[in-house]
Amino acid sequence: MRKIVVFAVAALALSASFTAAQILPTLGERRAISAVEKDKFPAVQKRIQDAAGFEVAIKVDWNSLALPGDDQYYGQDDYLVKTVFLPIENAMKNVAKDAMGKEALKAKLTTINIHYIDAGISASAYKDRVKFGSGTLDINFRPFTNSADVDERTNAIISVLEAAL
């Protein structure tokens, strides 16, 4: 039985590394996501930090947000702005709407970590895709999906933050 478990774990690890190697963005996808990082993200980052009331660190795993074959859409607002960044900005505005919220954010939030990993969770299970711990707000929203769900994503972030602050 122990050999089977060890073999299964090894096979799973090999499978995970093989899958990760397969999903690396192509050169064209890396160029397109780099353009978004350079052209759009500075303004988005400033809006999020202004909404929070302080310069919270924002770390983005750009390669994980570069979904294969979607590079022609990366620069459109429906791809990342509405599905990932706007909900964070709106949640920061809501939580930091008064002095108490601003103080709580500044005292406990050190980093916003943004990435996308499928992880077997439904793309619309927003609350399951938001985590907060050890000062890090972890956002795992799928880009370019259900772009009209800004409020649902915002509310998921608010709910997780308010429970932890």
Side-chain angles (χ1 to χ4, degrees), residues 23-68 70-119 121 123-165:
I23 59 171
L24 288 176
T26 65
L27 177 60
E29 291 164 345
R30 290 192 314 271
R31 283 180 175 147
I33 204 73
S34 178
V36 172
E37 180 181 7
K38 228 174 13 176
D39 299 339
K40 286 191 177 238
F41 185 66
V44 167
Q45 181 177 22
K46 182 169 178 10
R47 288 194 310 266
I48 291 170
Q49 291 174 334
D50 287 350
F54 69 104
E55 290 189 14
V56 59
I58 303 173
K59 296 180 181 178
V60 181
D61 179 354
W62 293 102
N63 284 344
S64 74
L65 299 174
L67 299 182
D70 284 350
D71 51 308
Q72 69 269 24
Y73 306 113
Y74 294 171
Q76 295 179 4
D77 283 348
D78 282 355
Y79 192 82
L80 285 173
V81 175
K82 284 180 72 176
T83 59
V84 180
F85 299 127
L86 185 58
I88 298 169
E89 178 185 349
N90 291 346
M92 293 298 131
K93 283 180 187 173
N94 184 285
V95 173
K97 65 186 170 195
D98 56 23
M100 186 182 296
K102 286 178 186 169
E103 289 170 17
L105 272 178
K106 194 168 185 174
K108 293 199 175 181
L109 178 64
T110 58
T111 306
I112 300 173
N113 185 34
I114 302 166
H115 61 97
Y116 173 67
I117 299 170
D118 181 18
I121 303 169
S124 60
Y126 305 122
K127 194 167 180 190
D128 294 335
R129 294 185 160 278
V130 178
K131 305 284 185 239
F132 184 76
S134 301
T136 299
L137 175 62
D138 188 76
I139 306 292
N140 182 20
F141 290 157
R142 187 181 197 285
F144 207 44
T145 302
N146 305 323
S147 62
D149 289 356
V150 174
D151 290 341
E152 291 83 351
R153 287 179 176 91
T154 299
N155 291 334
I157 297 168
I158 292 167
S159 174
V160 168
L161 276 175
E162 287 185 344
L165 297 177

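Remember, it's a predicted structure, so these values are computed and weren't measured experimentally. The analysis underlying the following values was restricted to heavy atoms, covering all of them including side chains, and did not include hydrogens, waters or symmetry mates.
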(message) My understanding is that only residues two or more places apart in sequence, or in another chain, count here; which of them pass side chain to side chain donor-acceptor pair (under 3.5 Å) with Thr136?
(response) none
(message) If you compare all heavy atoms of Leu105 against all heavy atoms of Ala96, which two are closest, and at what distance to 0.1 Å?
(response) CD1-CB, 3.8 Å
(message) According to side-chain contact (heavy atoms from CB on, under 4.5 Å), who are the partners of Lys106, at least two apart in sequence or on a separate chain?
(response) Phe54
(request) Please tell me if the side chains of Arg153 and Leu86 come closer than 4.5 Å, counting only heavy atoms from C-beta onward. (result) no
(message) Going by side chain to side chain donor-acceptor pair (under 3.5 Å), name the residues that satisfy it together with Asn113, two or more places apart in sequence or in a different chain.
(response) Asp138
(message) Contact between Leu67 and Arg142 at the side-chain level, heavy atoms closer than 4.5 Å - yes or no?
(response) yes
(request) With sequence neighbours excluded, tell me which residues meet salt bridge (Lys or Arg N to Asp or Glu O under 4.0 Å) with Glu89. (result) Arg47, Lys93
(message) Holding to side chain to side chain donor-acceptor pair (under 3.5 Å), I want the full list of residues that pass it with Lys127, two or more places apart in sequence or in another chain.
(response) Ser159
(request) Walk me through it: do Ile114 and Ile88 pass the test side-chain contact (heavy atoms from CB on, under 4.5 Å)? (result) CA-CA 10 Å; Ile114 302 166; Ile88 298 169; 3.6 Å; yes
(message) Strictly by salt bridge (Lys or Arg N to Asp or Glu O under 4.0 Å), give each pair with a member in residues 76-86 just once, sequence neighbours left out.
(response) Lys40-Asp77, Asp78-Lys82
(request) With rounding to the nearest 0.5 Å, note down the distance linking CG in Asp98 to NZ in Lys102. (result) 8.0 Å
(request) Given side-chain contact (heavy atoms from CB on, under 4.5 Å), test Asn94 with Thr154 step by step and report yes or no. (result) CA-CA 9 Å; Asn94 184 285; Thr154 299; 5.7 Å; no
(message) I need the single residue from Tyr126, Tyr79, Tyr116 that forms a ring pair (Phe, Tyr, Trp, His ring centres under 6.0 Å) with Phe141. Which is it?
(response) Tyr126
(request) Evaluate side-chain contact (heavy atoms from CB on, under 4.5 Å) for Leu109 paired with Met92, printing each intermediate quantity in order. (result) CA-CA 11 Å; Leu109 178 64; Met92 293 298 131; 4.1 Å; yes
(message) Could you report the tightest heavy-atom contact between Pro25 and Glu29, atom names first, then the distance?
(response) CA-OE1, 3.2 Å
(request) Taking the side chain as every heavy atom from C-beta outward, state whether Leu161 and Phe132 have any pair of such atoms under 4.5 Å apart. (result) yes
(request) Look up atom CG in Asn63 and atom CD1 in Ile33, then write down how far apart they are to the nearest 0.5 Å. (result) 8.0 Å
(message) If we check side-chain contact (heavy atoms from CB on, under 4.5 Å) with Ile157, which of these qualifies: Leu137, Val95, Ile112?
(response) Leu137
(message) Using 0.5 Å steps for rounding, measure from the CZ atom of Phe144 to the OG1 atom of Thr83.
(response) 9.0 Å
(request) Could you grab the distance from atom CD of Gln45 to atom CG of Asp50, nearest 0.5 Å is fine? (result) 10.5 Å
(request) For Thr145 and Pro143, indicate whether the former's side chain and the latter's backbone hold a donor-acceptor pair under 3.5 Å. (result) yes
(request) Kindly compute the distance separating CD1 (Ile117) from CZ (Arg129), expressed to the nearest 0.5 Å. (result) 9.0 Å
(message) Under the criterion side-chain contact (heavy atoms from CB on, under 4.5 Å), I'd like the reasoning laid out for Lys131 against Val160: C-alpha separation, chi angles, the key distance, then a yes or no.
(response) CA-CA 7 Å; Lys131 305 284 185 239; Val160 168; 5.8 Å; no
(request) Flag the pair Leu65 / Tyr74 as yes when at least one side-chain heavy-atom distance between them is below 4.5 Å, and no otherwise. (result) no
(message) Would you say NZ of Lys59 has more than 12 non-hydrogen atoms from neighbouring residues, nucleotides or ligands within 6.0 angstrom?
(response) no
(request) Would you give the length of the straight line joining atom CG of Asp128 to atom CD1 of Ile121, rounded to the nearest 0.5 angstrom? (result) 5.5 Å
(request) Taking the side chain as every heavy atom from C-beta outward, state whether Ile139 and Val130 have any atom pair closer than 4.5 Å. (result) yes
(message) Are more than 12 heavy atoms, taken from residues, nucleotides or ligands other than Glu55, located less than 6.0 Å from that residue's CD atom?
(response) no
(request) Find out whether Asn90 and Val150 are in side-chain contact, i.e. whether some heavy atom of one side chain is under 4.5 Å from a heavy atom of the other. (result) yes
